[in-house]
Amino acid sequence: RIIAAAAIRGAHKIVSRAEEALKEALAKYGPDHPVAFPNTGYYLPVIYGITGIAVEKIGDMIPVLEQAKALLPPEPEPRLWLPYLGPALDAGMATLFADEIIEALKYLEDPPPYTMTSAPVNGNIWLGAADDAILRKRGIEFVDGTAPGFAAIIGAAPTNEIAVKIARELQEKSLYVFMSASTDGKSMAEQLAEEGVELGWETRLVPFGKDITATVFSLGFATRVALSFGNVKPGDFRRVLLYNKNRVFAFVIALGHVDDEKYAQAAGAINFGFPTIADTDIPQILPYGICTYEHVVSNVSHDKIVSRAIEVRGLKITVTKVPVPVAYGPAFEGESVRKGDMHVEFGGQRTPAFELVRMREAHEVEDGKIEVIGPDVDSVPEGGRLPLGIVVDVYGRKMQEDFEPVIERRFHYFINYAQGVWHMGQRDIIWVRISKAAFKAGFRVRHFGDILYAKIKSEFANVIDRVQVTIYTDEEKVLALREEARQAYARRDARLKELSDEAVDTFYSCTLCQTFAPTHVCIVLPERVGLCGAVSWLDAKAAYEINPHGCNQPVPKKGVIDEWKGQWESCNQFIYEHSRGTIERVNFYTIMEYPLTSCGCFEAIMVILPECNGFMIVNREYSGMTPCGMTFSTLAGSVGGGVQTPGFMGIGKAYLASKKFVRADGGLARVVWMPKEFKEQMRPVLEERAEEEGLGRDFVDKIADETVGVTTEEILPFLEEKGHPALTMDPLF
Ligand code: SF4
Ligand code: NI
Ligand code: NI
């Protein structure tokens with residue numbers, strides 16, 4: 001029967017390893033030496049989430065190790081049957097604490113064994129702990145469902161071929177694949193690397209580390225999702241674990257012989273509600289009947305292991321079958337096609353290329369018709385180029401012209417999802433590549449049509465009845481149709497500019513992030529994009545028409561309470577209801593009083609700097625210090641989770657260029673600091689807006705950045721010298 005003994009034995013081994021490592025580190029560096037995973041505000045996340053202890057120095061690990069030892073059940077006699085769930089779970093948790101101690105101490109090595117990047121560099125495939133930038137970016141995918149969960153793989157497959165097959169299957173199901181540990185000296189990540197599979201966060205195949213203790217990076221990731229998106233307080237271990245059990249769909253796949261240390265990791269994962277599925281015969285760690293599902297499933301064959309894991313964890317995954325000769329799914333979105341690997345490319349300023357959705361009358365659209373006009377890709381030599389015009393005509397009784405750009409912007413994803421096909425940009429600046437491998441597998445130009453037809457029909461089923469795709473590769477035709485497309489783009493832009501908050505009587509809500517931040521409600525206005533930057537008013541409106549029961553709902557604009565600050569009775573009522581009664585009122589045009597809440601997906605964070613009488617804005621990509629004394633990731637920890645924090649707010653980048661940008665606080669003139677790169681990225685729109693506001697185009701150069709300083713003392717003289725308007729505006733308080 002069940003033997004929890006192995007897990008307990010393994011836990012003892014790992015805890016004594018941690019004890020050794022800690023003793024050594026204390027002797028070498030002393031207790032006050034700092035220790036951390038890179039760029040994170042969550043310290044050693046499992047320890048932080050479960051115990052509330054923030055490990056910052058080596059000495060801080062001492063009480064944690066004590067806790068781990070206290071959790072360890074006595075080492076069992078061989079073959080002793082343990083009837084309780086408790087000891088194995090405790091041993092599992094002790095293992096995770098010890099894992100984190102061991103892994104954190106590795107970062108003291110010079111150089112550390114991990115790349116600390118999002119993809120392998122210079123032959124080192126091991127990435128180590130994900131930093132907070134990766135966590136937030138990937139966390140969003142868990143939120144919006146593009147990633148239903150993750151598989152933590154420990155060990156290696158019996159052959160490289162099987163390893164690739166398992167990885168591809170998980171990718172096709174859009175799951176993240178976290179890899180650690182080895183079997184007989186080999187790890188699955190190494191097997192994939194040997195087969196030339198692209199590894200890294202972009203392709204969702206994440207090599208954490210070869211040591212068994214690197215398995216804890218998966219659970220650390222899960223813990224941080226609970227802390228950041230679920231607004232769970234560090235130390236509230238019950239909620240951390242429940243959150244994961246209920247919302248993070250993860251499981252462990254154990255490949256090859258399972259030794260004591262691996263059992264101990266599996267026991268750790270069970271604490272989070274993550275079961276283990278193995279290809280070998282392993283006994284149950286826990287007795288049956290305690291939980292709603294099995295915790296350990298053994299002897300599963302390799303061709304069934306992925307589907308079995310998904311079934312055991314209770315995941316529902318729906319995949320639209322797309323008739324293309326290559327694998328297809330969101331996990332292939334991040335994969336690049338390098339110049340040397342490509343068979344053919346289109347656009348990218350080298351040949352004319354564009355894509356366009358046109359709303360048409362019923363008789364103008366023949367459903368399912370896909371036509372290629374011009375040469376196909378087998379007519380060009382390897383590494384060659386072709387022009388490309390993709391025209392998609394749609395008809396639907398509920399279709400509106402406003403939905404054209406919404407559908408068109410999805411092309412990027414739809415096309416990228418095909419393995420070995422790469423797509424960048426939109427409108428007439430697209431750049432597309434087909435890899436040699438995809439070409440060899442039979443991918444041809446008409447498959448763009450197959451993809452678009454299948455995806456548009458399934459994702460926009462409520463508004464679209466007919467889809468017809470015409471693909472042009474004939475240069476003359478592409479040039480002529482590109483003119484037509486450009487006129488269409490210009491018409492859309494003009495219309496977008498006309499949209500204003502005053503001109504509409506309905507705003508839209510977005511509660512997509514509630515799966516992870518249960519009280520957070522975004523209200524999307526024509527002049528205020530959702531804080532993730534991905535949902536505009538038009539998008540939300542389209543999404544509502546496409547799916548009236550989805551997470552975008554109309555919010556009537558009625559009963560004005562404060563026009564200038566942007567507060568309406570009907571909006572308050574909606575937010576109150578949908579935030580489960582936690583938020584009573586919201587002003588859309590100020591950060592100082594009842595600002596909109598944030599979930600965790602914000603592109604940038606805006607913070608008051610009282611000494612400068614203005615605001616700083618820091619974007620997600622910037623990892624350095626800021627004048628408010630906090631980095632983006634530290635700030636993110638206090639801004640997210642659906643709470644209202646006056647003076648702090650998550651925003652979408654485009655909101656900066658809005659006429660309604662914190663209007664009630666003085667608008668753009670209040671911006672005193674931004675990271676340099678962010679400022680340059682936004683420069684064209686900021687200059688235009690500054691001019692409209694009467695601040696002058698050179699206002700942008702009055703905004704300080706990190707080259708001026710990262711403290712208010714450092715930037716104040718600069719602001720004074722430049723005559724920054726914020727300094728002479730009314731006090732913010
Ligand atoms: Fe999440 Fe708000 Fe973006 Fe919707 S608009 S996805 S709720 S951040
Ligand atoms: Ni359970
Ligand atoms: Ni969110």
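Source: prediction; values computed, not measured. Indexing begins at 1, ligand by ligand and atom by atom, following the structure's order.
Annotation: ring pair (Phe, Tyr, Trp, His ring centres under 6.0 Å) contacts involving residues 527-559, sequence neighbours excluded, comprise Tyr508-Trp537.
Close approach to Cys522 involves these atoms of ligand 1, each under 4.0 Å from a residue heavy atom: 2 (Fe), 5 (S), 7 (S), 8 (S). Within ligand 1, counting atoms from 1 as listed, the ones closer than 4.0 Å to a heavy atom of Leu531 are 8 (S).
Contacts of Tyr176 classified as ring pair (Phe, Tyr, Trp, His ring centres under 6.0 Å), with partners at least two apart in sequence or in another chain: Phe142, Trp201.
For Glu577, the CD atom sits in a packed shell: over 12 heavy atoms of surrounding residues, nucleotides or ligands are nearer than 6.0 Å. Within 6.0 Å of CG in Asn246 there are more than 12 heavy atoms belonging to other residues, nucleotides or ligands. Heavy-atom contacts from other residues, nucleotides or ligands closer than 6.0 Å to OH of Tyr576 number 12 or fewer.
When Gly530, Cys599, Cys510 are checked for heavy-atom proximity to atom 8 (S) of ligand 1, Cys599 turns out nearest.
Atom 1 (Fe) of ligand 1 lies at 2.8 Å or more from every N, O or S atom belonging to Cys532. For Cys513, every N, O or S atom stays at 2.8 Å or more from atom 2 (Fe) of ligand 1.
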